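Down below is the structure, laid out as structure tokens.
Protein chains get the first letters and strands the later ones, always in sequence-line order, with residue 1 at the start of each. Owing to the predicted nature of the structure, the values given are computational and were not obtained by experimental measurement.
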Amino acid sequence: MSDAAEAIREVRITLPDGAVRAYPAGVTGAGIAESLSKSLSKAAIAATVNGRLTDLSQPITENSAVAIHTIRDEEIALGLIRHDAAHIMARAVQELWPDVKVTIGPVIENGWYYDFDRAEPFTTEDLALIEKKMREIIALRDPVTTEVWDRDRAVRHYEALNEPYKVELVGMIPEGQPIRMYWHGHWQDLCRGPHLAHTGQVPADAFKLMSVAGAYWRGDSDRPMLQRIYGTAFRTKDDLKAHLFRLEEAAKRDHRKLGREMKLFHMQEEAPGMVFWHPEGWTLYRALEDYMRRRLRHAGYKEIRTPQVVDRKLWEASGHWEAYQEHMFLVEVEEEAAKEKRVNALKPMNCPCHVQVYNQGLKSYRDLPLRLAEFGACHRYEPSGSMHGLMRVRGFTQDDAHIFCTEDQIESECAAFIALLSSVYKDLGFEKFDIKLSTRPEVRIGSDETWDKVEGALENAILQVGAPYQVDPGEGAFYGPKLDFKLTDAIGREWQCGTFQVDAQLPERLGAEYVGEDGDKHRPYMLHRAILGSFERFTGVLIEHYAGRFPLWLAPRQVVVAPIVSQANDYADQVVMALRAKGVRAEADLRNEKINYKVREHSLAKVPVILAVGAREVEERTVSIRRLGEQRTEERPVDLAMADLIAEATPPDLARTA
RNA sequence: GCCGCGUUAGCUCAGCUGGUAGAGCAGCGCUCUUGUAAAGCGAAGGUCGUGGGUUCAAAUCCCUCACGCGGCACCA
């Protein structure tokens with residue numbers, strides 16, 4: 001085709017408002033923006049062409065629907081800003097330290113990271129240097145340009161630059177996919193894009209480098225450890241400030257900090273990953289445990305208790321020894337003292353023990369479903385770097401239960417479980433949760449027919465309850481599909497707590513059976529299920545969800561009665577005694593301190609209710625009620641106030657049946 | 001487990017390039033009898049995580065280990 005012929009070819013561009021305009025073929029998003037208005041041309045950051053987000057510099061060669069984006073298109077702008085900030089950071093790093101090797105730098109929630117290979121560790125001072133250099137690059141307003149190269153040229157290019165990670169990345173790009181090379185000014189990176197039009201479109205005052213961390217190359221612990229720098233970026237300085245403020249607020253509800261401040265628990269180096277519960281914390285834990293015990297009992301579960309220390313023979317039989325031996329705490333008796341040599345393990349899970357209980361005595365189909373529950377204390381030798389306050393510990397207690405049932409009973413058991421879990425989460429203050437259904441993996445036991453039935457049972461159960469869910473194909477265990485339940489906390493974070501897992505394997509390995517209607521022996525299914533997961537972790541989630549300001553029924557300290565003058569001490573004691581008689585966790589603060597002091601101290605300790613009593617209250621048989629976080633007080637007759645507090649302190653399940 | 005950083009009084013933290021430790025709050029004692037987020041005064045409190053090394057001298061520099069923190073990997 002001649003140049004002249006090319007020039008007269010036209011493409012029809014449909015704009016978001018429906019207008020159709022003709023442009024010469026090969027027109028770019030930038031060109032279209034320029035034709036529409038000067039201001040749009042300046043503000044444009046990218047374009048969507050036929051539903052695909054692209055650079056403004058991409059030529060458009062066929063009739064297309066085109067939308068030009070500016071920084072006002074929040075989702076698109078944030079993605080591009082963070083993406084380009086990652087490139088600008090990598091460029092800044094290489095300009096400061098030319099020997100640093102670059103790898104990858106994707107956009108993540110709230111920001112981006114970029115992994116570097118550098119002999120020297122990055123310091124926090126380095127981050128400030130990099131930020132400064134990034135602002136310089138942004139000020140250059142270097143245009144972003146792109147070319148598609150063939151594979152060999154790209155490989156040679158990166159070999160010449162001594163960028164081995166990029167060579168590897170080029171090799172990973174599937175055949176037939178274009179290899180896009182990008183430039184920010186003179187600096188070059190391998191990237192599929194899209195990008196902003198120039199570096200100046202990253203707001204210089206709305207990004208921040210957050211932290212440095214180690215990360216394995218391609219997430220593989222057998223490969224080199226790189227240095228990862230995390231950054232965050234927004235469209236405006238105020239958005240960045242708001243984000244940093246949210247991080248500070250989240251840090252304030254850190255359960256480790258609140259745990260110390262509210263005297264809930266502590267941990268120490270003689271027992272890493274193990275919790276020392278203090279009186280206040282144990283009160284909270286017990287409120288939760290007592291509640292769960294009642295809920296399980298009412299749902300038809302039988303509570304049992306099984307041993308902590310069990311011979312390795314059982315773990316060999318269950319298959320855990322082979323797979324998880326190095327994560328088990330071993331318990332041995334001194335050879336001289338022991339009559340026989342045995343190797344025991346602290347139980348890492350309850351299920352093999354539960355099968356032992358099931359296996360005692362012959363079971364009939366009439367016994368099924370049999371729901372065995374245990375608040376089972378388990379120990380796992382977790383990797384040292386994985387521990388995190390109460391969220392990941394080595395000694396924990398599950399709200400564990402195993403349901404032994406027939407295949408036909410799976411669906412109704414699953415539906416009943418979801419209903420129970422949903423009610424429990426609601427009582428504990430979590431309105432929203434999501435379900436993930438993990439289905440058959442490549443490598444599995446059992447026939448496809450069985451998998452069809454069991455997966456169908458789980459899906460039907462979910463539909464029955466009407467809960468939102470998504471399917472995660474291939475993510476199930478080799479012995480059965482499972483459901484994971486993720487709840488959302490007060491600040492939008494998700495926590496996977498509940499689980500429901502179908503197991504056809506363990507009953508087989510440990511020889512569980514029942515006599516059916518037909519008089520023959522059959523293998524029961526075993527359903528592993530938990531609602532809270534572990535009490536330790538769930539307590540941590542509760543602390544963070546409520547930021548330590550628990551609803552009255554969960555609060556470790558519910559009511560403090562604080563006399564204003566010592567003449568009110570006897571009256572305060574009477575009120576405390578009356579509340580305690582009704583099960584309310586009340587205490588009197590008879591210290592010789594001003595009421596201001598007492599109010600401040602108990603407020604900081606997050607006691608939900610302070611009852612102040614002075615001469616007037618004694619005289620009139622009233623109390624002055626002050627709620628945590630409120631300035632105002634309310635004076636009420638003591639009997640009425642106590643009746644309301646007693647009602648409010650009643651756990652929700654008991655309140656429903658009262 | 002891996003990378004980086006950290007560990008000083010009960011808590012929060014100072015302590016620069018080496019000269020054997022400071023503050024606020026809490027706790028303790030005394031005074032104050034108090035009206036809704038800190039009354040006043042006083043005395044006390046630390047083998048500077050562990051073990052080793054360098055040095056005339058180490059909280060400070062080097063090494064080891066432990067634990068913690070931020071990630072990565074792992075999470076039956």
Query - Sugar-phosphate only, base, or nothing, as touched by A/Q505 at under 4.0 Å among non-hydrogen atoms - result: nothing

Query raised in the report: How close or far is atom C1' of B/G68 from atom CD of A/E382, stated in whole angstroms?
Result: 17 Å

Report task. Looking at every strand, decide which applies to A/R616 at a 4.0 Å heavy-atom threshold: base, sugar-phosphate, or nothing. Result -> base

**Report entry** Distance-only polar pair, side chains of A/K482 and A/T499, donor-acceptor under 3.5 Å
**Finding:** no

Requested in this report: May I ask you to say what A/A323 touches in the nucleic acid, namely base, sugar-phosphate or nothing, with a heavy-atom cut-off under 4.0 Å?
Outcome: nothing

Requested in this report: Choose from B/A37, B/C69, B/C72 the nucleotide whose nearest atom is closest to any side-chain atom of A/S603.
Outcome: B/A37

Query - Among B/A37, B/G71, B/A39, the nucleotide that comes nearest once only the side chain of A/Y230 is considered - result: B/G71

Query raised in the report: Just how far, in rounded Å, is P of B/C5 from CG of A/L127?
Result: 12 Å

Report summary line: Checking B/A76, B/C11, B/A39 against the side chain of A/R260 (C-beta onward), the nearest is B/C11

Requested in this report: Take atom CE of A/M391 and atom C1' of B/C74, then tell me their distance rounded to the nearest Å.
Outcome: 18 Å

Query raised in the report: In whole Å, what is the span from the CZ atom of A/R228 to the P atom of B/C3?
Result: 16 Å

Report summary line: Per atom distances to the A/V599 side chain, the nearest of B/C67, B/U36, B/A76 is B/U36

Report summary line: Among B/A39, B/G1, B/G35, the one nearest any side-chain atom of A/Y216 is B/G1

Query raised in the report: Base, sugar-phosphate alone, or nothing: which one does A/L604 contact when heavy atoms must sit under 4.0 Å apart?
Result: base

Report summary line: Looking only at B/C67, B/G70, B/A76, the nucleotide nearest the A/Y324 side chain is B/A76

Requested in this report: Compute the centroid of each ring, for A/F417 and then for A/F485, and state whether the two points are separated by less than 6.0 Å.
Outcome: yes

Query raised in the report: Just to confirm, is there a sub-4.0 Å distance from OP1 or OP2 of B/C74 to any side-chain nitrogen or oxygen of A/S386?
Result: no

Query raised in the report: Between B/A39, B/G71, B/G27, which nucleotide has the shortest distance from any of its atoms to the side chain of A/E593?
Result: B/A39

Requested in this report: Let me know the distance between CG of A/D222 and P of B/G1, rounded to the nearest Å.
Outcome: 16 Å

Requested in this report: Decide if the gap between the ring center of A/F535 and the ring center of A/F375 is smaller than 6.0 angstrom.
Outcome: yes

Query raised in the report: Which nucleotide sits closest to the side chain of A/N596: B/A37, B/G71, B/A73?
Result: B/A37

Requested in this report: Report the distance from atom CD1 of A/I595 to atom P of B/A38, rounded to the nearest whole Å.
Outcome: 12 Å

Query raised in the report: Which is true for A/A215 with a 4.0 Å heavy-atom rule: it touches a base, it touches only sugar-phosphate, or it touches nothing?
Result: sugar-phosphate

Query - Side-chain (A/T103) to main-chain (A/Y165) donor-acceptor, under 3.5 angstrom - result: no

Requested in this report: Measure the distance from CE on A/M387 to P on B/G70 and round it to the nearest whole Å.
Outcome: 13 Å

Requested in this report: Go through B/G35, B/A66, B/A76 for me and flag the one nearest to the A/E269 side chain.
Outcome: B/A66

Requested in this report: Report yes if a side-chain nitrogen or oxygen of A/R627 is closer than 4.0 Å to either non-bridging phosphate oxygen (OP1 or OP2) of B/A37; otherwise report no.
Outcome: no

**Report entry** Aromatic ring proximity A/W97/A/F122, centre distance under 6.0 Å
**Finding:** yes

Report summary line: Of A/P348 and A/Q227, the one whose closest nucleotide on RNA chain B sits nearer the 5' end is A/Q227

Query raised in the report: Pick the nucleotide of RNA chain B nearest each of A/L628 and A/P563; which residue has the one closer to the 5' end?
Result: A/P563

Report task. List the steps and the verdict of side-chain hydrogen bond (donor to acceptor under 3.5 Å, both in side chains) for A/E316 and A/Q325. Result -> CA-CA 9 Å; A/E316 283 167 350; A/Q325 187 186 345; over 6 Å; no

Report task. Nearest whole angstrom, please: distance from the C1' of B/A76 to the NE2 of A/H528. Result -> 9 Å

Report summary line: Ranking B/A37, B/U36, B/C3 by distance to the side chain of A/Q631, first place goes to B/A37

